[in-house]
J.: 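I am attaching a structure below and will ask some questions about it afterwards.
Here is how names work: the chains are called A, B, and so on, in the same order as the sequence lines, proteins then strands, and each is numbered from 1.
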Protein chains: 2
Amino acid sequence: MDVTIYEVARRAGVSIATVSRTLRGTGPVAPKTREKVLKAVEELRFTPSRLGVSLAEGRHAANGIVFPNLSGPYYTEVLLGYEEVASELGRSVVILSTKGRTRVHDLVKDLAGRVDGLMVFGHTAPDDLVAELVRMGMPLVFVSREPLAGADTLRSENTESARALARHLLEHGYRRFAFLGAPIATGDDVDERWQGVRSVLGGAIEAVPTEHYTVECGYQAARTLLRAPARPQAIVCSDDEVALGALLAAEELGLAVPDELAVTGWDDIMAARHARPALTTIRQPMRELGARAARALDELITGARDTPRHLVLTTELVLRASCGHHPQEEPR
Amino acid sequence: MDVTIYEVARRAGVSIATVSRTLRGTGPVAPKTREKVLKAVEELRFTPSRLGVSLAEGRHAANGIVFPNLSGPYYTEVLLGYEEVASELGRSVVILSTKGRTRVHDLVKDLAGRVDGLMVFGHTAPDDLVAELVRMGMPLVFVSREPLAGADTLRSENTESARALARHLLEHGYRRFAFLGAPIATGDDVDERWQGVRSVLGGAIEAVPTEHYTVECGYQAARTLLRAPARPQAIVCSDDEVALGALLAAEELGLAVPDELAVTGWDDIMAARHARPALTTIRQPMRELGARAARALDELITGARDTPRHLVLTTELVLRASCGHHPQEEPR
DNA sequence: CCAGCTTATGTAAGCGCTTACAGAAAGGCA
DNA sequence: TGCCTTTCTGTAAGCGCTTACATAAGCTGG
């Protein structure tokens, strides 16, 4: 950190331009000169300052990622896929969580000043700042959000898989349903799941809000729902965490799942697989979502592509014990 | 991004020093002058370049975090606690995953050049580079690692809680045990857990390695173990993921948990709580670990403290159904 | 040996911002 | 009004690095 390119140049008896060229391979350097420079670099343990390089290059070699909170396994998996690809592409990853924070506008803006592009989950960055970043030409990729002009969007399919799930429940013979975890915003992921399910089940399903999409809120809402006189036969949950909460409520109320009540989730997080009964759910390719987002962002940053693109990744119905008995049911 | 401090100065009819002073509050500025500057800033939508500021200040206002992989919920929770505090302290968080990567030495070194201090999980950064970073005076906090001269270390307590767990299993009446997920390195977390358990159970427990500390490896090792003639009555697992794998193996082999086999984990991740039977485990204060690490690193960076410190956080035995029946057992 | 071309190297100008220090301006008091 | 003190402002020098362009050095062929 203390050694600068000037000291290397002095020790090697060359100019700083020659040191730079040697280290970066950006121009011709005589073999003897090269040796002298590398020797000096090694003796002085010189590492170029990231700040100096970035300022001179006019680029950060870093990507930002804005997410609501990491406590949901969903975000973790996406982040992991993203970080892996970003690293392969030689980019650091700077993270920012916005949930519960004040001055989000300032936080995101600061982040934008440190990176070459941003990936943003849904609506976690303020809309006015998003509009400004788009105007400024900042490369942006949004995950789990409706298409936005001037930026890439990437999401998993919701509607068709929701339909498939609903049809499957009908095949089990259920006729009374509830959707636990009502949509907060029109057009977001949960809304699409709701719309898909409702397009198949019609008036046979009602939406029940949860305060948040968490285990605890799912538990509370399910407990209330399951104590009412007219109990649904099956609960379709917005996501796996809410579904885990519903399982807890059923357990507490002595309702056998799936014999007395069916429960489904969405995401296929680890806890969904290890719950008993294991949750029927829709598997989201979360890591691939992150990886694709990182690649898309790289294209925008390098200029390999300058027209925004909107992608939808395939999801998959995963049948397990929580929705009913299946002849060839997988054990886990 | 395109607007520089020079344009603001020109528009406001003042020097760049005055613009800087106005925005940073680092010196006296006449009220009228201040208004002119702020007006120009707003009209031009000027945001100071993070790079310029950092280079001139000689600091990044960012912390780095090096971890093996995010796929374990443990790391996620620590990271969340860390990011929350770092953000409060005005620091961005730059992440780097090292598992499965080549040139880790270079990756960590690049990261070190972008931040004011680093938090490192265990041994995920190469030892020679760690020694160099210590020599250079870089602020370092290690999590889950034995004390290291020149840097802070922070870990959760292992040995006493492992003893408490072992004693509890003895109280259930078990007399034959296995430790699933043998230690890889002397002195690391899993080794301390093993040592603690063995100090109570002595020759009644044997260590069984798993290739990795994952559900899949735990499943494979447990399946092999449980098919052998001399089956243990209780399996103490290195961590919750390995324990979840052991539960899967027991389920597949038709062994009732806890009646025919007891299983315990470590960490208290979400999936451990939602498994059935719910896992008896040791709760690690993972978020607090991350939060404390971020605060410790801040003290080192700001110079509020310059002597390394070694902290151990308390862990807690959490009794659930997987180790046996308890008179007042919590439902979840 | 000379001319022309290619390879190698150094100088200077930035990239965007902070701030020490010197000087100017303003205010207060005798 | 003059002097002294305080407040305000601008200039210049960096922070560490990259690189365009000009020049020097080296090599090859006639």
Side-chain angles (χ1 to χ4, degrees), chain A residues 1-38 40-41 44-62 90 92 109-110 112-116 136 138, chain B residues 1-38 40-41 44-62 90 92 109-110 112-116 136 138:
Chain A
M1 298 292 157
D2 298 327
V3 183
T4 68
I5 198 169
Y6 292 92
E7 292 173 60
V8 175
R10 191 164 49 236
R11 196 181 186 102
V14 300
S15 73
I16 55 174
T18 299
V19 176
S20 186
R21 266 190 289 260
T22 303
L23 293 181
R24 293 172 63 87
T26 51
V29 178
K32 276 186 186 263
T33 305
R34 179 184 166 80
E35 281 177 30
K36 285 195 296 185
V37 171
L38 293 181
V41 165
L44 293 171
R45 299 191 185 187
F46 171 69
T47 301
S49 153
R50 182 74 249 172
L51 282 176
V53 173
S54 291
L55 185 59
E57 281 187 336
R59 75 178 200 103
H60 301 84
S92 286
K109 198 153 192 186
D110 183 67
R114 294 171 181 275
V115 296
D116 301 313
M136 286 160 62
M138 173 149 236
Chain B
M1 297 293 159
D2 298 326
V3 183
T4 67
I5 199 169
Y6 292 92
E7 293 173 60
V8 175
R10 191 164 49 242
R11 194 178 186 103
V14 300
S15 72
I16 56 174
T18 299
V19 176
S20 186
R21 266 190 291 260
T22 302
L23 293 181
R24 294 171 62 86
T26 50
V29 177
K32 276 185 185 262
T33 305
R34 179 183 166 80
E35 279 179 32
K36 285 195 297 183
V37 171
L38 292 182
V41 166
L44 294 172
R45 299 190 182 187
F46 171 71
T47 300
S49 155
R50 180 76 249 172
L51 282 176
V53 174
S54 290
L55 185 60
E57 281 187 334
R59 75 179 201 105
H60 301 84
S92 287
K109 197 152 189 185
D110 181 69
R114 294 172 179 272
V115 297
D116 302 314
M136 287 159 60
M138 172 150 237

J.: Is there a donor-acceptor pair under 3.5 Å between the side chain of Thr22(A) and the backbone N or O of Thr18(A)?
T.: yes

J.: How bent is the helix from dC1(C)-dG30(D) to dA30(C)-dT1(D), comparing axes over its five end pairs at each side, to the nearest 10°?
T.: 40°

J.: Quick one: label Leu55(A) by what it contacts on the DNA or RNA (base, sugar-phosphate, nothing), any heavy atom closer than 4.0 Å.
T.: base

J.: The criterion is salt bridge (charged side-chain N to carboxylate O under 4.0 Å, His left out); which residues satisfy it with Asp116(B), sequence neighbours excluded?
T.: Arg91(B)

J.: In whole Å, I'd like the distance from the CZ atom of Arg34(B) to the C1' atom of dT7(D).
T.: 16 Å

J.: Taking CG from Leu51(B) and P from dG14(D), how many angstroms apart are they, rounded to a whole number?
T.: 22 Å

J.: Write down the protein N/O and nucleotide N/O pairs, taken from nucleotides 18-20 of chain C, whose separation is under 3.5 Å; answer none if there are no such pairs.
T.:
from	atom 1	to	atom 2	distance (Å)
dT18(C)	OP1	Arg24(B)	NH1	3.0
dT18(C)	OP2	Ser20(B)	OG	2.7

J.: Taking His60(A) for its side chain and Ser92(A) for its backbone only, find out whether a donor-acceptor pair lies under 3.5 Å.
T.: no

J.: Would you indicate whether Arg11(A), at its atom CZ, is surrounded by more than 12 heavy atoms from other residues, nucleotides or ligands within a distance under 6.0 Å?
T.: yes

J.: Does a side-chain N or O of Ser15(B) approach OP1 or OP2 of dG10(D) to a distance below 4.0 Å, or not?
T.: yes

J.: Which pair of heavy atoms, one from Val37(B) and one from Val8(B), lies closest together, and at what distance?
T.: O-CG1, 4.3 Å

J.: Dump the intermediate steps for side-chain hydrogen bond (donor to acceptor under 3.5 Å, both in side chains) on Arg50(B) and Ser54(B), then the final yes or no.
T.: CA-CA 6 Å; Arg50(B) 180 76 249 172; Ser54(B) 290; 3.3 Å; yes

J.: Is the shortest side-chain heavy-atom distance between Val41(A) and Thr47(A) below 4.5 Å?
T.: no

J.: Could you pull out the closest heavy-atom pair between Val14(A) and Thr33(A), with the gap in Å?
T.: CG1-CG2, 3.8 Å

J.: Is Thr33(B) touching bases, backbone alone, or none of the nucleic acid, heavy atoms closer than 4.0 Å?
T.: sugar-phosphate

J.: For the pair made of CZ in Arg59(B) and P in dC17(C), what is the distance, rounded to whole Å?
T.: 16 Å

J.: Expressed as a whole number of angstroms, how long is the span from Leu44(B):CG to dG16(C):C1'?
T.: 15 Å

J.: Between dG16(C) atom C1' and Leu23(B) atom CG, what is the distance in whole Å?
T.: 13 Å

J.: If I take atom CZ from residue Arg114(A) and atom OG from residue Ser49(B), how far apart are they, to the nearest 0.5 angstrom?
T.: 10.5 Å

